[in-house]
2 protein chains.
Amino acid sequence: MPKEKFTSIYEALKDNIIQKKYQETNMLPSELSLVEEFHCSRNTIRRAIAQLNSEGYVQSIKGKGVVVLEMNNAAPFNLSISNFSGLNIITKNKDVSAATSVLSFERLMIDETLSQKTGFKTGSEVYHLHRLRYINNEPLILDINYFLCDVVKDLTVEIAQKSIYHYIQHDLGLKIPSSRRMIRVEKATQEDMDVLALKDYNCVGVIISNTFIEDGRMFEYTESRHTPDNFTFVEFAQNQK
Amino acid sequence: MPKEKFTSIYEALKDNIIQKKYQETNMLPSELSLVEEFHCSRNTIRRAIAQLNSEGYVQSIKGKGVVVLEMNNAAPFNLSISNFSGLNIITKNKDVSAATSVLSFERLMIDETLSQKTGFKTGSEVYHLHRLRYINNEPLILDINYFLCDVVKDLTVEIAQKSIYHYIQHDLGLKIPSSRRMIRVEKATQEDMDVLALKDYNCVGVIISNTFIEDGRMFEYTESRHTPDNFTFVEFAQNQK
DNA sequence: TGGTATTTGTCCGTATGTATC
DNA sequence: GGATACATACGGACAAATACC
């Protein structure tokens, strides 16, 4: 893994921020002095700072400098359950157990109403499955997936029980560059109440994601239905202009 | 408003995407041909494309090109209620009415438990207010604000009823570059049930936001509690590596 | 008040690396 | 292997906002 220059600079700066090494001034050194420190061009420094900006560690102000934001120690970042590809991320980092049970598995054709809901073209063939995710032996997430058969060929229950993304990326050799997400709160369905540890909540947090492959086609529509307790989502917004 | 070059190129490309002018190949012209078309440097083209990338219109693939993603017509973008600074955005664009009523207004000092919750330092003085937001005459959002008195001086009920952000930006002349946000689902409190049009939901969608001013200090902690019906949040994620 | 230096923002041109076809 | 296309990096020029004297 050869690391790019701007990435290593980004990481060095981030470490300094977290360890509060810029606390006297509350500002980063100027771009020009960072150029000297890291022996690189100003553009490279600017890329590293742009990354810090987009993740909420700092904010740049024209004519003034780059200000370090408060509370970088608390770091709500990366705590986000359900980050990119499902929950595989949290199983790596923390000492939590995760398991998956496949509730249903079928192959079907998209009709008009399903096309409306999922965005797949009418007539497309998809795998449709319901999977229950256990975290520390508690059923906390119900995943409802639709995968385009043209892309995800020969899906089986065995694969669905492990990691579909692993199958797609390693066995099929496909790249998954990006996905759109929508976050909503919905009334719990009968199925939600039957399978999830909902306590007395009558709602679930829902993440609807559309995932794309290299040629621009959407190949996955997923509703990830979470019990409220374990549903937290972090983002950072920058004001335009 | 002098528009930057990369912004106008970004807008031109976005228009073409929405109007499906790249549909034959499903790809953008190569960066070099866009350089000729727009008479600019390759860096400028790359900035425009990076913007499209981050908003989920396209995805770049090394060695291949820039792929247009499906469903840009549906454009879930910008539908997001509670975008940057509260709900002023939706009141502009759509033909909906919005009103605010101030339920409570006080000045208080942050104690240990409030510091834990909000992130303000113990001993800070803040304005604490509850405001109910009506959309089309329905009480749909309960905003619970904490503003640092050192920054937002002389806040009044009259100002809170209009737009606090307008007051901060225009009257106080402060810039608000960025904010962190957390999205959660919580059990409805007694106050939620009393004031919001919750129907039979017993949960609310909560957006917790920390907003910063130029010097890096957090000056606002807000819980924006939404009825589930009007709570939708859109984001776009890109796979790292 | 005004002028100058500093600092970030935008833009340009070029070279090299790397993945795809 | 060669052509094409995106990715990274360098260096330089000027503008705009800010800070300082």
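Chain A is the first sequence line, chain B the second, and so forth, proteins listed ahead of strands; every chain is numbered from 1. Quantities reported herein were computed from a predicted structural model and do not represent experimental measurements.
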Run the side-chain donor-acceptor check on residues 215-222 of chain A: report pairs under 3.5 Å with partners two or more places apart or on a different chain.
{"residue": "A/D215", "atom": "OD1", "partner": "A/R217", "partner atom": "N", "Å": "3.0"}
{"residue": "A/D215", "atom": "OD2", "partner": "A/R217", "partner atom": "NE", "Å": "2.9"}
{"residue": "A/D215", "atom": "OD2", "partner": "A/R217", "partner atom": "NH2", "Å": "3.2"}
{"residue": "A/E220", "atom": "OE1", "partner": "A/Y165", "partner atom": "OH", "Å": "2.4"}
{"residue": "A/E220", "atom": "OE1", "partner": "A/T211", "partner atom": "OG1", "Å": "3.0"}
{"residue": "A/E220", "atom": "OE2", "partner": "A/T222", "partner atom": "OG1", "Å": "2.5"}
{"residue": "A/Y221", "atom": "OH", "partner": "A/E223", "partner atom": "OE2", "Å": "3.3"}
{"residue": "A/T222", "atom": "OG1", "partner": "A/N145", "partner atom": "ND2", "Å": "2.8"}

- Take A/Y127 and A/F105 through the test ring-ring contact (aromatic ring centres under 6.0 Å, His included) and record every step on the way to the result. CA-CA 7 Å; A/Y127 290 107; A/F105 182 101; 5.8 Å; yes
Whole-Å distance, B/M27 CE to D/dC6 C1', equals 10 Å
Interatomic distance where CG belongs to A/D215 and P belongs to C/dT20 [whole Å] =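 That distance rounds to 14 Å.
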- Query: Would you say the side chain of A/I49 lies within less than 4.5 Å of the side chain of A/L34, judging by non-hydrogen atoms?
  - Reply: yes
Beyond-backbone contact of B/L114 with B/T122, side-chain heavy atoms, under 4.5 angstrom = no
Reading nucleotides 7-14 of chain C from 5' to 3' and marking B where a protein heavy atom lies under 4.0 Å of the base, S where only the sugar-phosphate is that close, and - otherwise, the string is BBBBSBB-
Exercise. Above 12 or not: heavy atoms from other molecules or residues under 6.0 Å from CD of B/Q116?
Worked result: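 Atom CD in B/Q116 is not crowded, with 12 or fewer foreign heavy atoms closer than 6.0 Å.
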